[in-house]
Undergrad: 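Can you keep this structure in mind? I'll have questions shortly.
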Amino acid sequence: MSGNPKLSPSAVEASREIRAVISRLRRRILNASEAEDMTLVQASVLARLADRGGVTASELAAVEGVRHQSMTATVAALAAKGLVLRSPDPDDGRRLLIAPTPEGLRRVREGRQARKEWLAGRLQDRCTEEEIRTVITAMAVLERLTHD
């Protein structure tokens, strides 16, 4: 922390708690559907392609925040598993567009379903209805933090 005296102790504590909980929750949610034959980066790229296929490795690398060479290796691994296809760009034959295969789309759908079921099940099993409503209200507050 930069030592900003304008930050209240409660804001600092809330920040610390939110980051810790979100980090643990993210790991648990990802583990709920983690495919043993894919890395987290491969799963992230495949999910991104399912939402918006037909992109280049350079575009994927920029969005994922990795080097082009790293993304090329990730895409090659997904292609070897039969989860993505690379095809020439109809507008520029020098570029390859990457899109998920039907199997890739199936894996993304199943992973998303497993994560949804895991989290909903945990909420239902471990929380009261009042606590679940509190979580929903808290998420609206956190969502506001994501907007500029």
Undergrad: For the pair Ser23 and Arg27, evaluate side chain to side chain donor-acceptor pair (under 3.5 Å) and give the outcome as yes or no after the intermediate values.
TA: CA-CA 6 Å; Ser23 179; Arg27 280 192 303 272; 2.9 Å; yes
Undergrad: Find out whether Ile98 and Leu85 are in side-chain contact, i.e. whether some heavy atom of one side chain is under 4.5 Å from a heavy atom of the other.
TA: no
Undergrad: Output the distance between atom CE (Met38) and atom CZ (Arg107), rounded to the nearest 0.5 Å.
TA: 4.0 Å
Undergrad: Applying a strict under-4.5 Å side-chain criterion to I, L, V, M, F, W and Y, I'd like to know whether Ile136 and Val141 cluster together.
TA: no
Undergrad: So does Arg28 have more than 12 non-hydrogen atoms from other groups sitting under 6.0 Å from CZ?
TA: no
Undergrad: Quick one: which residue pairs count as a side-chain hydrogen bond (donor to acceptor under 3.5 Å, both in side chains) with a foot in residues 81-90, not counting sequence neighbours?
TA: Asp89-Arg95
Undergrad: What do you reckon, is CD of Gln124 surrounded by more than 12 foreign heavy atoms closer than 6.0 Å?
TA: no
Undergrad: Where do Ala114 and Ala32 come nearest, in terms of heavy atoms and distance?
TA: CB-O, 4.0 Å
Undergrad: If I compare all heavy atoms of Gly54 with all of Leu97, which pair ends up nearest, and what's the gap?
TA: O-CD2, 3.7 Å
Undergrad: Whether the Arg48 and Ser44 side chains hold a donor-acceptor pair (N or O, under 3.5 Å, no angle test) is what I'd like checked.
TA: no
Undergrad: Please tell me if the side chains of Arg67 and Met71 come closer than 4.5 Å, counting only heavy atoms from C-beta onward.
TA: no
Undergrad: Does some side-chain heavy atom of Leu25 sit less than 4.5 Å from a side-chain heavy atom of Leu119?
TA: yes
Undergrad: Using the rule that Ile, Leu, Val, Met, Phe, Trp and Tyr join whenever any side-chain heavy atoms are under 4.5 Å apart, tell me whether Trp118 and Leu123 fall into a single cluster.
TA: yes
Undergrad: In the structure I gave you, are the side-chain heavy atoms of Leu49 and Val55 within less than 4.5 Å of one another anywhere?
TA: yes
Undergrad: Hydrophobic clusters here meaning ILVMFWY residues chained together by side-chain heavy-atom distances under 4.5 Å, can you tell me if Val66 and Leu60 are in one?
TA: yes
Undergrad: Roughly how far, to the nearest 0.5 Å, is CG of Leu46 from OG1 of Thr74?
TA: 11.5 Å
Undergrad: Test of understanding: clusters of I, L, V, M, F, W, Y form through side-chain heavy atoms closer than 4.5 Å, transitively. Do Ile22 and Leu145 belong to the same one?
TA: yes
Undergrad: State, to 0.1 Å, how close Ile132 and Cys127 come at their nearest heavy-atom pair, and which atoms those are.
TA: CG1-CB, 3.8 Å
Undergrad: Please determine whether side chain to side chain contact (heavy atoms under 4.5 Å, CB included) holds for the pair Leu105 and Leu83, giving the CA-CA distance in whole Å, both sets of side-chain angles, and the decisive distance to 0.1 Å.
TA: CA-CA 8 Å; Leu105 290 172; Leu83 302 175; over 6 Å; no
Undergrad: Is the backbone of Thr56 close enough, under 3.5 Å, to the side chain of Glu59 for a donor and an acceptor to pair up by distance?
TA: yes
Undergrad: To check you understand the geometry: which heavy-atom pair defines the closest contact between Thr101 and Gly82, and what is its length?
TA: OG1-O, 2.7 Å
Undergrad: Within this structure, what is the CG-CG distance for the pair Leu40 and Leu30, rounded to the nearest 0.5 Å?
TA: 5.5 Å
Undergrad: Does one side chain, of Thr137 or Arg133, offer a donor that lies under 3.5 Å from an acceptor on the other?
TA: no
Undergrad: Would you say that Arg109 contacts Arg112 through its side chain, given a criterion of any heavy-atom pair below 4.5 Å between the two side chains?
TA: no
Undergrad: Please check: side-chain N/O of Thr134 versus main-chain N/O of Glu130, any donor-acceptor pairing under 3.5 Å?
TA: yes
Undergrad: Test of understanding: with salt bridge (charged side-chain N to carboxylate O under 4.0 Å, His left out), list the residues that count as partners of Glu103, not counting sequence neighbours.
TA: Arg106
Undergrad: Does any N or O in the side chain of Gln42 come within less than 3.5 Å of the main-chain N or O of Thr39, such that one atom is a donor and the other an acceptor?
TA: yes
Undergrad: What I want to check is whether the side chains of Ser8 and Ser10 have a donor and an acceptor closer together than 3.5 Å.
TA: yes
Undergrad: Quick one: do Leu142 and Met139 satisfy side chain to side chain contact (heavy atoms under 4.5 Å, CB included)? Show the steps, please.
TA: CA-CA 5 Å; Leu142 293 176; Met139 291 302 101; 3.4 Å; yes
